[in-house]
Amino acid sequence: MMVIEPGAVATELSDHITHDESKKAAQDYRDNVAMPAQDIAEVIAFALSRPKRITLNEILVRPTVQAM
């Protein structure tokens, strides 16, 4: 079993927020902090491509600014 724990990922979630201030804050965070979904896809592809003799149990992936 492998667990991949992504930090902030840019999604369309903020497009569905109806409160204007909250929507703007969420969009700013998405645009300036969150990782593109492609980054997580690449980590998953890497993890799955490891040889059978290697076990990856847990991978934590966060935007650099979220790691501080």
Side-chain angles (χ1 to χ4, degrees):
M1 176 161 71
M2 180 187 325
V3 176
I4 298 177
E5 303 170 89
V9 178
T11 68
E12 76 285 345
L13 179 63
S14 61
D15 297 341
H16 303 284
I17 298 172
T18 57
H19 183 262
D20 289 337
E21 288 179 37
S22 297
K23 182 174 188 161
K24 174 145 179 34
Q27 287 173 333
D28 287 345
Y29 192 80
R30 176 193 66 199
D31 295 342
N32 297 306
V33 175
M35 300 173 288
Q38 180 65 31
D39 291 353
I40 301 305
E42 290 174 10
V43 169
I44 292 168
F46 167 79
L48 293 174
S49 69
R50 299 304 82 207
K52 296 273 187 213
R53 66 182 179 275
I54 296 174
T55 300
L56 293 173
N57 297 89
E58 184 176 0
I59 301 175
L60 176 60
V61 184
R62 295 187 292 188
T64 303
V65 298
Q66 204 178 28
M68 297 181 184

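Note that the numbering runs from 1 along the sequence shown for the chain. Just so it is clear, the values below take in all heavy atoms, side chains as well, and ignore hydrogens, waters and symmetry mates.
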Could you pull out the closest heavy-atom pair between [X] and [Y], with the gap in Å?
X: A34; Y: A10; result: CB-N, 3.4 Å
X: A8; Y: P63; result: O-CG, 3.7 Å
X: R62; Y: G7; result: CG-CA, 4.1 Å

Set of residues satisfying side-chain contact (heavy atoms from CB on, under 4.5 Å) with respect to I44, sequence neighbours excluded
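With sequence neighbours excluded, I44 shows a side-chain contact (heavy atoms from CB on, under 4.5 Å) to I4, I40, L48, given in chain and number order.
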
Residues in side-chain contact (heavy atoms from CB on, under 4.5 Å) contact with E58, at least two apart in sequence or another chain
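Per chain and number, E58 pairs via side-chain contact (heavy atoms from CB on, under 4.5 Å) with E5.
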
Validation: residues 20-29 side-chain donor-acceptor distances under 3.5 Å, sequence neighbours left out:
{"residue": "S22", "atom": "OG", "partner": "H19", "partner atom": "ND1", "Å": "2.9"}
{"residue": "K23", "atom": "NZ", "partner": "D15", "partner atom": "O", "Å": "3.4"}
{"residue": "K24", "atom": "NZ", "partner": "D28", "partner atom": "OD1", "Å": "3.4"}
{"residue": "K24", "atom": "NZ", "partner": "D28", "partner atom": "OD2", "Å": "3.0"}
{"residue": "Y29", "atom": "OH", "partner": "Q66", "partner atom": "NE2", "Å": "3.3"}

Do I59 and M35 belong together in a cluster built from hydrophobic side chains that touch within less than 4.5 Å?
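I59 and M35: one cluster.
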
Taking a hydrophobic cluster as the set of Ile, Leu, Val, Met, Phe, Trp and Tyr residues connected by side-chain heavy atoms closer than 4.5 Å, whether directly or through intermediates, do V33 and I17 fall within one such cluster?
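No, V33 does not connect to I17 through the hydrophobic network.
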
Pairs meeting criterion salt bridge (charged side-chain N to carboxylate O under 4.0 Å, His left out) with involvement of residues 36-57, two or more places apart
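Checked against salt bridge (charged side-chain N to carboxylate O under 4.0 Å, His left out) - neighbours excluded - no pair reaches residues 36-57.
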
